[in-house]
K.L.:
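Encoded as structure tokens, here's the structure I'll be asking about.
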Protein chains: 2
Amino acid sequence: MSATIYDVAREAGVSMATVSRVVNGNPNVKPTTRKKVSEAIKRLGYRPNAVARGLASKKTTTVGVIIPDISSVFFSELARGIEDIATMYKYNIILCNSDQNKDKEIRLIQTLLGKQVDGIVFMGGKIAEEHIEEFKQSSVPIVLAATVDEQNQIPSVNIDYEQAVFEAVSHLIETGHREIGFINGPLEVPINGKYKLNGYKRALAEHDIPFDETLLSVGDYTYESGKEATEQFLNQEVKPTAIFVDSDEMAIGAIHEIQDEGKKVPNDIEVISSENTRLVQMVRPTLSSIAEPTYDIGAVAMRLLTKLMNNEKVESSTVVLPHRIDFRNSTK
Amino acid sequence: MSATIYDVAREAGVSMATVSRVVNGNPNVKPTTRKKVSEAIKRLGYRPNAVARGLASKKTTTVGVIIPDISSVFFSELARGIEDIATMYKYNIILCNSDQNKDKEIRLIQTLLGKQVDGIVFMGGKIAEEHIEEFKQSSVPIVLAATVDEQNQIPSVNIDYEQAVFEAVSHLIETGHREIGFINGPLEVPINGKYKLNGYKRALAEHDIPFDETLLSVGDYTYESGKEATEQFLNQEVKPTAIFVDSDEMAIGAIHEIQDEGKKVPNDIEVISSENTRLVQMVRPTLSSIAEPTYDIGAVAMRLLTKLMNNEKVESSTVVLPHRIDFRNSTK
DNA sequence: TTGAAAGCGCTAACAG
DNA sequence: CTGTTAGCGCTTTCAA
């Protein structure tokens with residue numbers, strides 16, 4: 001068994017309260033006493049038990065992070081942003097993969113709350129009533145990262161997806177395209193089915209181009225699904241001359257499919273993606289992309305959470321980060 | 001404040017010991033009592049406090065994971081393997097990024113131990129004396145994943161790196177190459193500076209090819225560093241006709257540099273990488289690669305840890321997983 | 001099958 | 001500046 005605060009107290013000839021004070025950097029301790037205690041701590045190799053501390057203080061300095069899939073490039077960059085800021089504020093992270101499965105998400109929230117985390121960063125797809133209910137019952141703050149709550153009841157950090165897609169598609173239209181394919185993510189997720197799709201439609205509408213359903217496809221973010229969607233596009237009646245793709249990985253699939261069909265990017269077909277992960281430079285031609293500040297979304301979400309956990313006042317709990325479009329060689 | 005076990009006991013008209021029994025599925029409870037308690041639990045929305053439980057039982061059902069960088073494709077796949085198995089055995093994971101910084105690694109181990117994790121999965125570069133010391137002092141088991149301890153004192157899960165590289169390079173030699181470049185990772189890491197390098201040298205030696213220092217380069221696993229190393233190769237006296245690259249991301253950089261110089265892969269220069277992450281199919285030509293079973297290394301490491309935590313006996317605590325080489329289009 | 005009671009290791013008033 | 005004393009919410013003997 002390792003030493004407890006009581007052992008240290010005895011070794012140093014003081015009370016455990018005093019030991020607690022020096023461990024916690026309380027200034028109300030005479031320097032000589034502090035020294036005595038510090039030495040006893042060192043001698044005994046004492047290390048405070050965070051679980052006991054958590055029980056007594058009702059703070060665990062641990063936050064829960066629920067993420068769809070840590071092995072995705074997009075989410076792992078987000079996670080890194082979260083973790084860096086957490087570390088900066090002395091928190092540890094309990095990381096859980098949800099696979100965007102609602103039941104699993106609910107269960108994870110409960111487990112995390114049971115573990116007495118001081119807060120939760122949640123990333124997911126659709127926020128349903130059940131989520132909101134859990135969130136509201138929670139005694140600790142929760143913030144959404146790269147995840148929208150359509151009713152805007154839960155603190156969150158995002159970009160303006162609608163506007164971002166609007167800009168990308170408008171750019172394509174303004175450089176002469178009229179048949180613009182859109183490989184979106186699953187439409188049940190509001191970011192896709194609502195905001196991004198609306199941005200696409202608004203761009204078309206503002207340029208008097210009718211919406212053509214055959215130019216809308218849905219993938220699952222994988223390379224293969226981007227490739228397949230593009231294959232479909234290339235074999236149909238109305239073929240796109242430009243494609244907007246909702247993820248870098250799918251966009252690379254799209255580019256390869258186009259090239260496999262003997263066509264050139266960007267000369268025959270232009271491609272713009274969304275995410276701007278490190279992948280954009282790993283393909284030829286390099287990928288033009290909506291620069292979602294992935295790492296920053298995570299970092300800002302965690303920072304927001306720290307404020308909420310400390311009851312600091314925040315100007316707005318719904319933060320919208322700026323985006324931009326990085327043009328590379330998949331567009332002219 | 002949420003309900004405690006005591007509230008439930010009162011509500012159900014039993015003692016807290018009985019509540020504890022039903023919560024923990026102890027069979028020694030009369031069915032009618034069990035029912036009464038279950039209802040009280042539901043009525044009060046009672047959720048056990050894992051921190052209190054952890055303090056009393058000295059088990060937190062939480063394990064620590066120290067990883068160099070969760071945003072790397074390689075490590076995030078490993079992490080997913082770890083997390084999946086952890087979930088399967090009802091453990092949660094505290095995830096910490098170390099950036100391979102020794103001091104940070106040591107500090108993280110101590111923090112994790114302070115949080116009373118039931119075990120640790122460690123991924124890193126070089127295992128120094130200090131690490132070993134911390135590990136040995138630890139009262140909970142530790143296993144290394146994709147990380148070697150040269151003295152084989154700590155349980156670990158790896159592949160046979162030496163042999164894998166030997167096979168890849170031998171293949172290159174046997175298909176006619178004599179000038180084979182090697183873009184390795186940092187040499188301080190034994191996996192690189194010792195095992196992989198030895199595999200490369202052994203392949204040369206067995207085919208009577210002298211080792212040429214100018215054909216060995218060191219990168220930092222990034223796309224850019226792979227590109228730069230290759231640029232250097234292409235501009236030097238002895239130019240490689242084939243390159244073995246220690247990571248997929250660097251290998252993609254290498255391929256692009258070769259192509260940018262107007263040469264063809266694999267016709268002018270062949271490339272084989274190591275890792276076999278999802279990236280291998282996202283480049284043209286697709287990448288031949290040593291298939292390190294990334295996800296499995298994580299999964300097996302976590303499985304091994306569960307056995308160690310439960311004091312089950314394990315046949316060998318140094319496990320070496322099989323590897324193979326997946327040939328794709330970057331080789332002839 | 002159930003209950004009483006003693007901790008687990010620490011924090012946080014409250015006194016002094 | 002330091003010590004005393006309750007707990008925090010749960011598990012775990014030990015008895016009954």
K.L.:
What does B:Asn28 touch in the nucleic acid at a heavy-atom separation under 4.0 angstrom: a base, only the sugar-phosphate, or nothing?
P.N.:
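Here B:Asn28 touches the bases of the nucleic acid.
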K.L.:
Side chain to side chain contact (heavy atoms under 4.5 Å, CB included) for B:Glu105 and B:Glu130? Distances and angles first, verdict last.
P.N.:
CA-CA 10 Å; B:Glu105 287 170 344; B:Glu130 283 140 287; over 6 Å; no
K.L.:
In whole angstroms, how far is the C1' atom of D:dT4 from the CD1 atom of A:Ile5?
P.N.:
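A:Ile5 atom CD1 is separated from D:dT4 atom C1' by 14 Å.
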K.L.:
Round to the nearest Å and state the distance from A:Asp7 atom CG to C:dC10 atom C1'.
P.N.:
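Between C1' of C:dC10 and CG of A:Asp7: 13 Å.
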K.L.:
Can you tell me if the side-chain N/O atoms of B:Asn24 get under 4.0 Å from OP1 or OP2 in D:dT11?
P.N.:
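For D:dT11, OP1 or OP2 has a side-chain N or O of B:Asn24 closer than 4.0 Å.
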K.L.:
Between atom CG in A:Asn49 and atom P in C:dG9, what is the gap in whole Å?
P.N.:
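Spelled out: CG on A:Asn49 to P on C:dG9 is 7 Å.
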K.L.:
For B:Asn26 and D:dC10, give me the distance from atom CG to atom P, rounded to whole Å.
P.N.:
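Roughly 17 Å, once rounded to whole Å.
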K.L.:
With a non-hydrogen cut-off below 4.0 angstrom, is A:Val14 in contact with a base, only sugar-phosphate, or nothing?
P.N.:
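Sugar-phosphate contact only.
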K.L.:
Does A:Ser20 make a side-chain N or O approach to OP1 or OP2 of C:dT11 shorter than 4.0 Å?
P.N.:
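It does, given that an N or O in the side chain of A:Ser20 lies less than 4.0 Å from OP1 or OP2 of C:dT11.
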K.L.:
Tell me if the side-chain of A:Arg47 makes a donor-acceptor pair with the base of C:dG9, cut-off 3.5 Å, by modelled atom types.
P.N.:
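Result: no qualifying N/O pair found.
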K.L.:
5'-most contact on DNA chain C: B:Ser15 or A:Val51, nearest heavy atom basis?
P.N.:
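Nearer the 5' end of the strand: B:Ser15.
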K.L.:
Is any side-chain heavy atom of A:Tyr91 less than 4.5 Å from a side-chain heavy atom of A:Asp118?
P.N.:
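Of all side-chain heavy-atom pairs linking A:Asp118 with A:Tyr91, at least one is under 4.5 Å.
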K.L.:
Does B:Arg53 put a side-chain nitrogen or oxygen below 4.0 Å from OP1 or OP2 of D:dT11?
P.N.:
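For D:dT11, OP1/OP2 do have a side-chain N/O of B:Arg53 under 4.0 Å.
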K.L.:
Please tell me which of B:Thr32 and A:Ala56 maps to the more 5' nucleotide of DNA chain C, matching each residue to the nucleotide holding its nearest heavy atom.
P.N.:
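Taking each residue's closest nucleotide, the earlier one in sequence belongs to B:Thr32.
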K.L.:
Expressed as a whole number of angstroms, how long is the span from A:Lys58:NZ to C:dT11:P?
P.N.:
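Value for this atom pair: 14 Å.
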K.L.:
Figure out the CE/C1' separation between B:Met16 and C:dC8, and round it to whole Å.
P.N.:
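Taking CE of B:Met16 and C1' of C:dC8, I get 13 Å after rounding.
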K.L.:
With a 6.0 Å cut-off on the ring centroids, do A:Tyr221 and A:Phe74 count as close?
P.N.:
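Aromatic pair excluded; centres sit 6.0 Å or further apart.
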K.L.:
In whole angstrom, what separates B:Arg21's CZ from D:dC14's C1'?
P.N.:
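After rounding, the gap between these two atoms is 11 Å.
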K.L.:
How close or far is atom P of D:dT4 from atom OH of A:Tyr6, stated in whole angstroms?
P.N.:
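Rounded to whole Å, this separation is 10 Å.
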K.L.:
Can you see whether B:Thr306 engages B:Asn310 through a side-chain donor-acceptor pair at a distance of less than 3.5 angstrom?
P.N.:
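The answer is no; no qualifying pair exists.
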K.L.:
Categorize A:Ser57 for me: base, sugar-phosphate, or nothing, with a 4.0 angstrom heavy-atom threshold over every strand shown.
P.N.:
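Sugar-phosphate: the residue A:Ser57, judged by heavy atoms under 4.0 Å, touches backbone atoms but no base.
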K.L.:
Would B:Lys115 and A:Thr60 count as a side-chain hydrogen bond (donor to acceptor under 3.5 Å, both in side chains) here? Give the steps.
P.N.:
CA-CA 9 Å; B:Lys115 292 224 170 180; A:Thr60 54; over 6 Å; no
K.L.:
Nearest of C:dT2, D:dC10, D:dT2 to any side-chain atom of B:Thr33?
P.N.:
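Nearest to the side-chain atoms of B:Thr33, counting from C-beta on, is C:dT2.
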